There are 2 protein chains.
Amino acid sequence: MDKKSKSLSKNQKIVLDFIQKNKKPVKAYSILSNVQKKGINAPPQVYRALDKLIKIGKIHRVESQNSFVACKISNCDTPHKTVFSICNSCEIVSEINDPKLFKNLKDFRDKDGTVFDGYNLEFFGTCKSCKNKQIENTKH
Amino acid sequence: MDKKSKSLSKNQKIVLDFIQKNKKPVKAYSILSNVQKKGINAPPQVYRALDKLIKIGKIHRVESQNSFVACKISNCDTPHKTVFSICNSCEIVSEINDPKLFKNLKDFRDKDGTVFDGYNLEFFGTCKSCKNKQIENTKH
DNA sequence: TAAAAATTTGTTATATTATAACATTATACT
DNA sequence: AGTATAATGTTATAATATAACAAATTTTTA
C-alpha cells in the first residue's frame with residue numbers, strides 16, 4: 001500500500017473502493033446508495049470524499065456525464081490532466097494514455113503565450129463493440 | 001441573415017441573443033431570470049432552446065461549469081469540436097481557434113484505431129489579467 | 001505528551017441544474 | 001389541404017451539489 005492510499009480516511013476508502021470496482025463511471029448518488037450499508041448516510045459525505053480523491057488524482061470527474069471514474073494511469077497523481085474517450089452509445093469511458101498527445105497538450109499555449117496548469121479532453125464516438133452491434137443490426 | 005439564424009424560433013432567438021450579449025458564459029437559470037420579461041416562463045423553455053442552439057453550433061456548453069457560451073468561431077457549425085481556456089480565478093472562458101491543434105484532435109485515433117466524431121477540450125489556468133492582479137498584490 | 005491546528009465526520013436543510021409528461025399551437029412539406 | 005415535424009406553455013419532479021454547524025479524529029509541533 002503506497003503513501004497515498006494509506007493516508008485515505010475511512011469514507012474516502014469506501015468511496016474509492018466502490019468506484020474502482022466499476023469499469024463504467026459512477027454517479028454520486030449511485031455511490032451513495034451503494035455505500036449506505038457501510039455507514040455513509042448523506043450526500044456531503046460522498047461529495048467530500050470525491051473532492052479529496054479528485055484532488056489527489058485517484059479518480060477523475062467525467063465532466064460531460066457528471067460521473068466519476070477511477071484513474072487507470074498509475075502515475076496520474078494530479079487532477080486536470082485527463083483524456084477520455086466516451087462512447088455515444090453505451091457511454092463507456094476509457095482513459096486514454098497517449099504520451100504524444102499528452103506532450104502536445106502540456107506544451108500548448110494560447111496566442112497570448114499563456115501556459116496552462118491542466119486540461120480535460122473528452123473524445124466522443126462509437127466504441128468498437130457498439131459499432132459491431134450496429135453492423136449486426138443492419139444485416140436483418 | 002444566414003439560413004440558420006433565420007430558422008431560429010422565437011424562444012431560440014431570445015436565448016441566443018442573451019447569451020451573445022455576455023462575454024462570460026451564462027447559467028441556464030440566469031438566462032431564465034433574464035428573459036422572463038420576454039415571455040419565457042419555465043426551465044424547459046430555456047433548456048429546449050439551449051439544446052437546439054448547441055445542436056446547430058451557435059452556442060457551446062462549458063462542461064466543467066454547467067454554463068453556456070456563444071460560439072466565437074464563424075464556421076463552427078457543429079457541436080463537440082470545441083477547445084476552451086478557462087481561468088481558474090475569474091472563470092472567464094475563451095474559445096481557442098488553433099488550426100494546428102484542431103487538426104491534431106480531428107486526426108486522433110485511439111490504440112484500437114477508433115476515429116472520433118467530436119471532442120471537447122478545456123484548458124485550465126490563470127488568465128493574463130488575473131496573473132497581473134496577483135503580481136500587484138504581492139507587491140504590498 | 002499536551003495543546004493547537006488541521007482534517008474528517010455526521011447531520012439537516014436547501015440550492016442548483018435538468019428532465020418527464022402532456023396538451024396545444026405553429027411551421028414546413030408535398 | 002392534409003400530414004408530419006418542430007416548437008410552445010405548463011406543472012411537477014428528478015438529479016446533482018453545497019451551506020452551515022457541531023462533534024470527533026488525526027496530525028503537527030512546541
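The structure presented is a predicted model; accordingly, all values stated were derived computationally and were not measured. Chain A is the first sequence line, chain B the second, and so forth, proteins listed ahead of strands; every chain is numbered from 1.
- Closest heavy-atom contact between A/Glu95 and A/Cys71: OE1-CA, 3.5 Å.
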Practice prompt. Take A/Asp17 and A/Lys21 through the salt bridge (Lys or Arg N to Asp or Glu O under 4.0 Å) test and state the conclusion after the steps.
Written response: CA-CA 6 Å; A/Asp17 191 56; A/Lys21 271 192 206 144; 3.7 Å; yes
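- Between B/Ser9 and the phosphate of C/dA26, there is no side-chain N or O to OP1/OP2 separation shorter than 4.0 Å.
- In this structure, the CD1 atom of A/Ile31 is 11 Å from the P atom of D/dT16, given to the nearest Å.
- By the 30° and 60° cut-offs, the orientation of the rings of B/Tyr119 relative to A/Phe123 is perpendicular.
- In terms of heavy-atom proximity, A/Leu32 sits nearest to A/Ile40 at CD1-O, 3.9 Å.
- Across B/Leu8 and B/Lys13, no two heavy atoms sit closer than the pair O-CE, 3.4 Å.
- Regarding contacts with the backbone of C/dA18, a side-chain N or O of B/Arg61 is found under 4.0 angstrom from either OP1 or OP2.
- Minimum heavy-atom separation, B/Ile54 to B/Phe68: CD1-CE2, 4.0 Å.
- Looking at which nucleotide of DNA chain D each of B/Gln12 and B/Tyr29 is closest to, the 5′-most match is held by B/Gln12.
- A/Asn11 has a side-chain polar atom (N or O) that falls below the 4.0 Å cut-off from OP1 or OP2 of C/dT9.
- Residues of residues 38-54 of chain B that place a heavy atom closer than 4.0 Å to DNA chain C, in numerical order, are B/Pro43, B/Pro44, B/Tyr47, B/Arg48.
- Listed here is the closest heavy atom pair of B/Ser64 and A/Glu63: CA-OE1, 3.5 Å.
- If you measure from atom CG of A/Asn66 to atom P of C/dT17, you get 11 Å, rounded to the nearest angstrom.
- The distance between atom CD of A/Glu63 and atom P of C/dA18, rounded to the nearest whole Å, is 12 Å.
- Straight-line distance from the CG atom of B/Leu16 to the C1' atom of D/dA7: 16 Å, rounded to whole Å.
- Atoms CD (A/Gln36) and P (C/dG10) sit 13 Å apart, rounded to a whole Å.
- Contact of the B/Tyr47 side chain with the B/Leu50 side chain is registered, since non-hydrogen atoms from C-beta on lie closer than 4.5 Å.
- Taking five base pairs at each end of the helix from C/dT1-D/dA30 to C/dT30-D/dA1, the local helix axes there meet at an angle of 50°, rounded to 10°.
- Taking only side-chain nitrogens and oxygens, B/Lys27 comes nearer than 4.0 Å to OP1 or OP2 of C/dT17.
- With distances taken from any side-chain atom of A/Lys10 to the nucleotides C/dT8, C/dG10, C/dA18, the minimum falls on C/dG10.
- A/Leu32 has its CG atom 13 Å from the P atom of D/dA15, to the nearest Å.
- Surrounding NZ of B/Lys131 are more than 12 heavy atoms belonging to other residues, nucleotides or ligands, all under 6.0 Å away.
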